[in-house]
Amino acid sequence: MGWLTPLFPPRCLLCGDPGAAGRALCAGCQGDLPALGHACARCAEPLPGTAAGRPELSVCGACLWRPPPYTAIDVAYPYAAPIDWLVRRLKFRGDLPAGRLLGELLSEALDVRMRGIEAIVPVPLHPARLRERGFNQVSEIARPLARCLDVPIVSGGLRRRRPTVPQMELPADRRRGNVRHAFVPGRAPIRGRVLLVDDVVTTASTVREAARALTSAGAEAVHVVAVARA
């Protein structure tokens with residue numbers, strides 16, 4: 001049905017106008033998307049700023065003191081309007097076109113460090129949550145990434161062995177404990193450089209635990225990407 005695309009272009013999910021470049025987003029709304037400020041090159045935590053010529057200041061003190069189990073986190077946007085609205089539409093209303101758009105935007109924002117990736121692993125839901133929701137919203141975001149990078153999605157590479165409270169519902173001091181040891185290697189073999197995908201990174205506790213599990217499963221390196229940083 002691809003021949004219908006020129007006759008029926010996608011509509012912008014934000015304003016309803018015709019989308020641009022075959023995407024469900026018009027040029028005007030894309031221009032209004034929130035911009036990222038300066039952030040840590042390892043964990044994407046917002047930083048106040050970096051002096052010119054001082055690249056060492058691009059890594060936050062926490063990552064210097066305790067290097068994380070992933071090479072870096074790349075995010076496309078801050079968790080602000082309208083990105084937060086699209087994430088909620090996907091997650092809580094099953095709006096799969098919103099997931100496709102978020103994945104396309106994330107693909108567009110990918111850094112050159114993505115080259116050499118051998119597998120894409122979405123952060124999994126617990127089986128009970130997956131049955132309740134009917135889909136994993138992160139897997140929907142990962143599909144355009146897989147097409148862009150021509151890399152397989154290995155959904156069975158990671159398993160969430162116990163249910164957890166949504167991280168954004170908890171204060172920061174409880175988030176690490178909420179996901180501690182929540183992930184274990186799945187049945188699918190993991191090797192080489194792995195791209196771990198999430199929708200929103202908050203304190204990075206979730207991706208930290210997931211990256212540890214992937215490393216123990218055989219990943220040579222884990223690079224994290226997410227649509228937004230809260």
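These figures come from a predicted structure and were not determined experimentally.
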(request) Mind checking salt bridge (Lys or Arg N to Asp or Glu O under 4.0 Å) for Arg88 and listing every partner two or more places apart, or none if nothing turns up? (result) Asp84
(message) When you measure from the side chain of Arg159 to the backbone of Arg187, do you find a donor-acceptor pair of N or O atoms at a distance under 3.5 Å?
(response) no
Return a table of donor-acceptor pairs under 3.5 angstrom between the side chains of residues 16-34 and protein atoms on other chains or two or more places apart.
| from | atom 1 | to | atom 2 | distance (Å) |
| --- | --- | --- | --- | --- |
| Arg23 | NH1 | Glu108 | OE2 | 3.2 |
| Arg23 | NH2 | Glu108 | OE2 | 3.4 |
| Gln30 | NE2 | Glu108 | OE1 | 3.1 |

(message) Using 0.5 Å steps for rounding, measure from the CZ atom of Phe135 to the CG atom of Leu130.
(response) 9.5 Å
(request) Measure from the side-chain N and O atoms of Thr71 to the backbone N and O of Val222, and report whether any donor-acceptor pair falls under 3.5 Å. (result) yes
(message) Nearest 0.5 angstrom please: Cys63 SG to Tyr70 OH, how far?
(response) 5.5 Å
(message) Tell me which one of Asp198, Val224, Leu196, Val225 satisfies side-chain contact (heavy atoms from CB on, under 4.5 Å) with Ile73.
(response) Val224
(message) If you define the side chain from C-beta out and look only at heavy atoms, does anything of Cys60 sit under 4.5 Å from Cys43?
(response) yes
(request) Identify the heavy atoms of Pro122 and Val138 that sit nearest to each other, and give their distance. (result) CB-CG1, 3.8 Å
(message) Using the salt bridge (Lys or Arg N to Asp or Glu O under 4.0 Å) criterion, which residues pair with Arg160? Sequence neighbours excluded.
(response) none
(message) Once side-chain contact (heavy atoms from CB on, under 4.5 Å) is applied, do any residues pair with Val151, and if so which ones, sequence neighbours excluded?
(response) Ile117, Ile120, Leu149
(message) Would you compute the distance between atom CG of Leu214 and atom CG of Leu158 and round it to the nearest 0.5 angstrom?
(response) 4.5 Å
(message) Within this structure, what is the CG-CG distance for the pair Leu86 and Leu90, rounded to the nearest 0.5 Å?
(response) 9.0 Å
(request) Answer whether the closest heavy-atom distance between the side chains of Val87 and Leu102 falls below 4.5 Å. (result) yes
(request) Sequence neighbours left out, what passes salt bridge (Lys or Arg N to Asp or Glu O under 4.0 Å) with Glu118? Give chain and number order. (result) none
(message) Once rounded to the nearest 0.5 Å, what's the spacing between atom CZ of Arg131 and atom NE2 of His126?
(response) 7.5 Å
(message) Using the salt bridge (Lys or Arg N to Asp or Glu O under 4.0 Å) criterion, which residues pair with Arg212? Sequence neighbours excluded.
(response) Glu209
